Every structure is written in C-alpha cells, then in structure tokens.
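What follows is one structure encoded as structure tokens, with my remarks underneath.
Worth saying up front: this structure is predicted, and the values here are computed from it rather than measured.
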Amino acid sequence: WDWIGDRLSPVERAKVLEVITERGNQVLRLLEKQDFLSHPFSNHEGRVLAFLGLAGLSFLGDLPDAEKWLDYVLRCYLTSYPAWGGDEGGWAQGTSYWSSYLYWLTTFAEALRGVTDVDILRRPFYRNTGYFAVYMYPPYAPRGAFGDGTYTPPSETARMLLEFLAASFRDPVLSWQARSIRVAPDPPEARRWREWFMEDVASVWRASAPADIPPQLPTALDGARHFADIGWVAMHSALGDPKEDVWTLFKSSRFGAFSHSHADQNTFQLNAYGRALLIDSGYYPWYGSPHDELWTRQTRAHNGILVNGRGQPPFDWAADGSIERFERHGPLTIVRGQAARAYNRPQSAGVLRLWAQHLKEPVPPLDPKVETFERTLAFTASRERPFLLVYDHLRVSALATFDWLLHALNRMETDARAGSVLVRDGDARLAVRLISTAPYEFSQRTGFPVPPELPANTAYLTAEKERQARFPDQWHLAARTQAPASEIKFLAVMVPYRATESEPVIAPLQSARARGFRVAGTEVAAWWGTGNRGAISLEGLSGSGRLVIKFAEQGQARTVISE
C-alpha cells in the first residue's frame with residue numbers, strides 16, 4: 001500500500017480498502033473472542049497478530065479501523081506476547097518454531113520502529129533471544145533442539161532473522177551466527193520460498209540489511225546457559241568451534257507438552273564434532289498425524305525413561321517438569337530436573353482414538369504413581385576429554401519395571417554384560433557405560449510403530465521410496481529392568497571421541513553405597529543407597545549428597561559435591 005497505493009485508480013483503492021477493512025476486523029474479532037491479550041497461547045493467532053499490526057500501520061490515516069487494530073496489537077506486544085519465553089529469550093515451542101514466529105513478529109516491530117518512537121525490541125526478550133539460537137542451535141548443528149520439526153540444520157529463515165537481530169543490536173556474535181549458517185543453493189528450476197512466503201516484502205528489505213557488523217566467535221561466552229524462562233539447558237565444550245565442540249541439551253519445562261512441545265521432560269540430546277549422536281527420534285509430517293501423535297511426541301521417542309512402558313502424555317500443559325538445580329563450577333556444569341508429575345497424567349481422548357486405530361499394543365496403565373523422577377546431568381567441558389554423566393533416581397508407589405532409552409541415527413553396538421553401548425555417526429563415536437540398581441537387558445529396533453506419512457498428493461507408486469528418502473529409519477535402544485522394583489537408580493557415562501582415536505578408557509568404581517567412573521583423570525561417585533542422597537565414600541571421594549566429582553581445573557585438583 002505504501003509503495004503502489006497512490007498509483008491505483010479510485011476504484012482500485014476503494015476495493016483494497018473494503019477488503020482490508022473486512023479482513024482486519026475479522027482478525028481483531030478473532031483475537032478479542034479468544035481474549036488473546038490475557039491468554040496468548042493460541043499458536044497461529046501469534047502470527048496473525050503481526051499481520052494485523054502491519055495492516056494497522058499501513059492503513060493508518062486511510063481506514064478509521066486501523067487505529068483500533070494497532071491499539072490491540074501494541075497492547076499485546078508490550079505486555080503479554082510473545083508468551084513462549086521470558087527475559088532470557090527462550091522459545092518453549094522449539095528452535096524451528098522460534099525462527100518462523102520471531103521472523104513474523106519482528107517484521108512488525110521493525111516497521112513500527114521505522115515510523116514511530118516505539119521500539120518493542122527494547123524488551124529484554126528480543127535482546128537475548130538470538131542467544132537461544134547460539135546455544136541451542138549453533139550454525140554447525142546437524143539438527144535442532146526440542147519440539148516439532150527440529151531434525152534439520154538451521155534454515156534460511158533463521159539466518160535472515162539472525163541477520164536482523166545482529167543489525168538491530170550491533171551484535172558481532174549474532175553476526176557470526178547468521179553468517180555461519182550455510183543454506184544450499186536452489187536448483188535453477190526450483191521456486192524460491194519467497195515466491196509463496198507471506199512476508200515476501202519483508203524478505204526484500206531484510207535481504208539488504210546492514211552487513212557491516214564484523215562477526216565475532218562466541219568463544220568468550222560461558223559454554224553453558226540455563227534458559228530459566230522455558231526450562232532448557234545447553235552445555236558446550238567449545239562453543240563456536242564446529243570441529244571441537246561437544247554439546248548436550250537438557251529439558252524439564254514448565255510449558256509441559258503443550259502446543260509444539262513434546263512429552264519429553266527430563267530428556268537430553270548429545271552432539272559432537274558436528275554430528276548428532278543421541279537424538280530426538282521421529283518426524284513431523286504434519287501436526288497431529290498418527291506418526292506425530294503416537295511416536296514423535298511420545299516420551300518413548302526421546303532419551304528418557306518409561307515406567308511399566310508408560311511415558312508422559314502429549315498435548316498436556318500439566319505434563320510438566322522443572323529445573324531444580326543449575327550449577328557452574330569452572331569446566332563442570334551440573335543440572336537437575338524433576339519430572340514425576342508428567343508421568344501421572346493420562347493420554348488425551350484424541351491420542352487414545354488414534355492408538356486404537358493404529359497400534360496393537362495396549363495403552364500402558366496409569367498405575368503405579370511416579371513419586372519422584374530426578375535426573376541429574378554432569379557435563380565436563382574439558383577440551384581434551386569432554387563427557388556427560390547421567391544419574392537417575394525414580395521412586396514409584398508400587399512395583400514396576402523401567403525402560404532407560406537412547407535413540408540414534410544408526411545402529412548401536414551393545415554388550416549387556418559390560419553395560420556398554422557404542423554409537424556411530426560419520427567420524428564421531430560415543431562410548432556409553434550404563435549401570436543400574438536392578439539387572440536389565442538391552443533390546444534394539446529400527447523403524448517406527450507408525451511410519452511417517454507422506455502428503456496425500458505424493459502417495460503414488462514411488463511413495464515408499466520417497467518416504468525412505470525424506471524420513472530415514474532411526475534406531476531405538478531400551479535397557480529394560482528384569483525384576484519389578486519400587487525404587488531404582490541408573491548411572492551412565494557417555495564419552496565422545498573420533499573414529500581416528502582409540503576408544504577412551506572408562507574405569508568403573510564401586511563401594512558399598514556408591515558407584516562411579518573414572519574418565520581421563522576425572523572421577524565421579526554417585527549415591528547408591530536408599531533415597532536420592534546420602535553419605536558417599538568411594539576411592540577417596542567423600543561427601544553427603546547425590547554426586548561427588550573430582551576434576552582438574554587449571555592444573556589444580558578440585559572436588560564438587562552436588563547436594
């Protein structure tokens with residue numbers, strides 16, 4: 001309207017104004033009916049909010065209703081929206097939806113700042129949200145973090161958004177993040193996404209955003225960050241260095257399994273040297289497809305734990321978790337999550353209907369009640385030998401069996417007697433050692449109980465070939481306990497290395513009420529008696545708590561007790 005409105009004939013202008021009036025008021029009625037200002041969690045309304053704001057700006061002075069559109073949008077932007085994160089800059093729906101929705105939201109913020117004195121970007125959320133990508137979705141990440149559609153590397157949309165944030169805040173680290181995202185060129189015959197993307201105009205001015213901000217590697221940043229607004233934690237050994245970085249992501253979120261979040265409280269991922277080693281499994285053909293509801297969103301598709309085969313339900317805000325502890329000790333990061341409440345919620349009626357249609361296995365019962373599920377991660381960001389320790393304590397109201405889960409892109413090698421797992425992807429390897437207070441057996445399978453769906457218009461003779469190309473099979477490992485118990489502990493150490501290296505030495509440690517490992521000079525001891533903590537004494541390690549960790553920092557021995 002700004003560019004060509006004055007070139008239209010009076011009849012053409014009248015048509016445009018009539019249509020925009022109808023559409024703008026339709027959107028406003030929808031937002032007011034939902035009371036979006038007070039309950040800003042209806043997902044798609046978050047993006048029409050930005051569209052309505054742009055319409056209000058564009059037609060202010062030409063349409064009387066434009067002022068009320070702009071008034072409503074500004075009240076949302078300045079108070080309650082975006083609601084998927086807080087001042088730390090997180091986005092609970094995940095990295096894929098972060099890039100799409102922030103792209104839409106900031107087009108209005110950018111336009112508003114250009115013609116008024118109102119700068120929405122001064123809110124701390126916008127200043128910090130670029131670092132959500134730096135930590136959770138670095139440019140060399142092979143996959144995203146948690147949530148829907150996060151199984152691909154950073155996209156062109158993410159690059160354009162980060163270019164804008166870098167320019168807005170004159171931020172050299174965000175400039176590095178944006179410039180380092182590699183987007184494959186389109187084949188000559190392909191239609192570029194801007195030809196159908198609703199913000200094609202925004203993409204024109206963003207494509208010419210200032211490029212005079214010199215990039216700066218994030219090496220001066222702390223390698224670990226807790227996004228307390230959404231309950232996510234990232235821990236890196238060499239943030240910004242794709243050849244050396246080992247990083248793990250952990251989630252236990254107050255947003256539960258609502259919207260585009262999954263039933264994945266107290267689960268984690270692990271990447272090393274640009275390769276995805278332990279992944280969130282499954283695909284996102286579309287929202288609510290049988291594969292999406294019965295696999296991708298379910299706890300069993302994540303690196304978590306099942307109780308009598310039962311996980312957490314998707315689509316349930318109350319199936320939540322919490323980060324109870326986040327500690328930084330030089331190269332050591334300790335984070336602890338609690339996810340018991342999420343296991344005591346039923347599957348929704350919609351999921352149960354799909355389950356009956358597509359699965360032969362029975363729905364696991366809600367009994368017994370999960371009274372506690374503490375998962376503690378200890379990550380050592382050593383340049384020479386970074387590794388991850390995972391310590392689990394569960395207590396339930398009656399006897400149950402437990403499945404401790406891992407997922408990978410390729411088949412894993414297992415040795416039940418040694419409790420060892422070997423994960424491979426490209427030239428990256430991961431050595432895993434697992435012990436438990438109860439005997440367990442490994443089982444492994446590939447494929448999915450419900451295959452990922454292709455769009456209906458491609459379901460012809462080559463559909464299965466296309467499915468394999470678009471949705472490759474993945475591998476799923478379970479360590480299932482053999483004897484029912486009401487309380488259990490698991491302790492796993494995970495050490496990445498390269499194919500050119502020898503497998504790292506992982507030495508088990510044991511005493512009457514403690515278990516642990518020694519890896520490259522770092523020693524870890526976990527409480528192995530009743531309850532979640534006690535007096536630990538093992539190989540010179542001692543203290544009262546959950547874990548005792550001895551490591552070297554700048555050549556000096558240091559001991560940390562996680563209470």
### Task
Decide side-chain hydrogen bond (donor to acceptor under 3.5 Å, both in side chains) for R29 and Q26; before the verdict, give the C-alpha distance in whole Å, the side-chain angles of both, and the deciding distance to 0.1 Å.
CA-CA 5 Å; R29 285 194 301 272; Q26 180 190 46; over 6 Å; no
### Message
For a side-chain hydrogen bond (donor to acceptor under 3.5 Å, both in side chains) check, start with the C-alpha distance between S259 and W84, then their side-chain angles and the critical distance, and finish with the verdict.
### Response
CA-CA 10 Å; S259 185; W84 300 109; 5.9 Å; no
### Query
Where do Y497 and R385 land on the side-chain contact (heavy atoms from CB on, under 4.5 Å) test, with the steps shown first?
CA-CA 8 Å; Y497 63 103; R385 183 57 70 204; 3.6 Å; yes
### Message
Checking R383 against D241 for the salt bridge (charged side-chain N to carboxylate O under 4.0 Å, His left out) test, could you report, in this order, the C-alpha distance in whole Å, the side-chain angles of both residues, the deciding distance, and whether it holds?
### Response
CA-CA 11 Å; R383 277 274 182 171; D241 187 342; 3.7 Å; yes
### Message
Between N43 and Y101, does the side-chain contact (heavy atoms from CB on, under 4.5 Å) criterion hold? Intermediate values first, please.
### Response
CA-CA 9 Å; N43 188 55; Y101 274 73; 2.9 Å; yes
### Task
Dump the intermediate steps for side-chain contact (heavy atoms from CB on, under 4.5 Å) on D171 and I213, then the final yes or no.
CA-CA 7 Å; D171 190 312; I213 305 158; 6.0 Å; no
### Query
Passes salt bridge (charged side-chain N to carboxylate O under 4.0 Å, His left out), R498 versus E244? Steps please.
CA-CA 10 Å; R498 295 179 175 84; E244 297 295 331; 3.4 Å; yes
### Message
Evaluate L221 against Y135 for side-chain contact (heavy atoms from CB on, under 4.5 Å), listing each step before the verdict.
### Response
CA-CA 10 Å; L221 298 177; Y135 280 90; 3.5 Å; yes
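Contact annotation: the side chain of K15 approaches that of V11 to within less than 4.5 Å [non-hydrogen atoms, C-beta and beyond]. Counting heavy atoms from C-beta outward, F258 and Q93 have side chains that stay 4.5 Å or more apart. Here the side chains of S175 and P215 are in contact, with some heavy-atom distance below 4.5 Å. Proximity of R328 to F326: side-chain heavy atoms (C-beta onward) are separated by under 4.5 Å at one or more points. Using a 4.5 Å cut-off on side-chain heavy atoms (C-beta onward), W1 and R13 make contact. Looking at V335 and H226, their side chains never come closer than 4.5 Å, going by heavy atoms from C-beta outward. In this structure, the side chains of K68 and N25 come closer than 4.5 Å at one or more pairs of heavy atoms. Residues P82 and W91 meet the side-chain proximity criterion, which asks for heavy atoms closer than 4.5 Å.
At least one donor-acceptor pair closer than 3.5 Å links the side chain of Q298 to the backbone N or O of E293. When atom types are taken as modelled, the side chain of Y283 and the backbone of P472 share a donor-acceptor pair closer than 3.5 angstrom. A donor-acceptor contact shorter than 3.5 Å is absent between the side chain of D71 and the backbone of E67. One N or O on the side chain of N266 and one on the backbone of G337 form a donor-acceptor pair closer than 3.5 Å. Of the possible donor and acceptor atoms, one in the side chain of S155 sits under 3.5 Å from a partner among the backbone N and O of A158. Under a 3.5 Å cut-off, the side chain of T380 and the backbone N or O of S382 do not form any donor-acceptor pair. Panel note: side chain T106, backbone A109; no donor-acceptor pair is recorded below 3.5 Å. Panel note: side chain T299, backbone Q312; a donor-acceptor pair is recorded below 3.5 Å. With D425 contributing its side chain and R275 its backbone, the two residues share no donor-acceptor pair below 3.5 Å. In terms of modelled atom types and a separation under 3.5 Å, the side chain of S80 and the main chain of L37 share a donor-acceptor contact.
With hydrogens and angles left out, the side-chain atoms of H476 and Q474 include no donor and acceptor closer than 3.5 Å. Inspection of the D245 and Y140 side chains reveals an N or O donor paired with an N or O acceptor under 3.5 Å. The closest side-chain donor-acceptor pair between S281 and H302, if any, does not fall under 3.5 angstrom. In the model, D280 has a side-chain atom that pairs as donor or acceptor with a side-chain atom of Q269 under 3.5 Å.
Taking the ring centroids of F146 and H262, they lie at or beyond the 6.0 Å cut-off. Between Y81 and F36, the ring center distance clears the sub-6.0 Å criterion. Aromatic ring centroids of F41 and W317 lie under 6.0 Å apart.
For Q34, the CD atom sits in a packed shell: over 12 heavy atoms of surrounding residues, nucleotides or ligands are nearer than 6.0 Å. The number of heavy-atom neighbours closer than 6.0 Å to CD of E553, taken from other residues, nucleotides and ligands shown, is above 12. Other residues, nucleotides and ligands contribute only 12 or fewer heavy atoms inside 6.0 Å of the CZ atom of R23.
L31 contributes atom CG, which lies 6.5 Å from atom SG of C76 (distance to the nearest 0.5 angstrom). In this structure, CD1 on I230 lies 11.5 Å from CH2 on W98, to the nearest 0.5 angstrom. With values rounded to the nearest 0.5 angstrom, H407 atom NE2 is found 13.5 Å from W475 atom CH2. The CG atom of D148 lies 8.0 Å from the OG atom of S261; values are rounded to the nearest 0.5 Å. Distance CG/L406 to CD1/I279: 11.0 Å, rounded to 0.5 Å. A distance of 6.5 Å separates CZ of F268 from CG of L377, quoted to the nearest 0.5 Å.
When all heavy atoms of S289 and E453 are compared, the closest pair comes out as OG-OE1, 2.8 Å. Shown here for G240 and L217, the closest heavy-atom pair between the two residues is O-CD2, 3.7 Å. When all heavy atoms are compared, the tightest approach of H236 to F379 is C-CE2, 3.7 Å. Between P313 and A257, the shortest heavy-atom contact is O-CB, 3.4 Å. Minimum heavy-atom separation, G147 to T150: O-OG1, 3.0 Å. Summarising the geometry of Y77 relative to A50, their closest heavy-atom pair is OH-CB, 3.5 Å, with the distance given to 0.1 Å.
Y287 and H260 have perpendicular rings, their planes meeting at more than 60° on a 0 to 90° scale where under 30° would count as parallel. Ring-plane geometry between W295 and F448 is classed as perpendicular, the angle between the planes exceeding 60 degrees on a 0 to 90 degree scale with a lower cut at 30.
Under 4.0 Å is where a charged nitrogen must lie from a carboxylate oxygen, and between R122 and D119 no such pair does. A salt bridge links R170 and D212; the closest N-O separation between the charged side-chain nitrogens and carboxylate oxygens is under 4.0 Å. The pair R254-D320 fails the salt-bridge criterion, with no side-chain N (NZ, NE, NH1 or NH2) lying under 4.0 Å from an Asp/Glu carboxylate O. The pair R297-D264 fails the salt-bridge criterion, with no side-chain N (NZ, NE, NH1 or NH2) lying under 4.0 Å from an Asp/Glu carboxylate O.
In this structure, Y137 has no ring pair (Phe, Tyr, Trp, His ring centres under 6.0 Å) partners at least two apart in sequence or on a different chain.
Applying ring-ring contact (aromatic ring centres under 6.0 Å, His included) to W232 and the options F132, F255, F250 leaves one that passes, F132.
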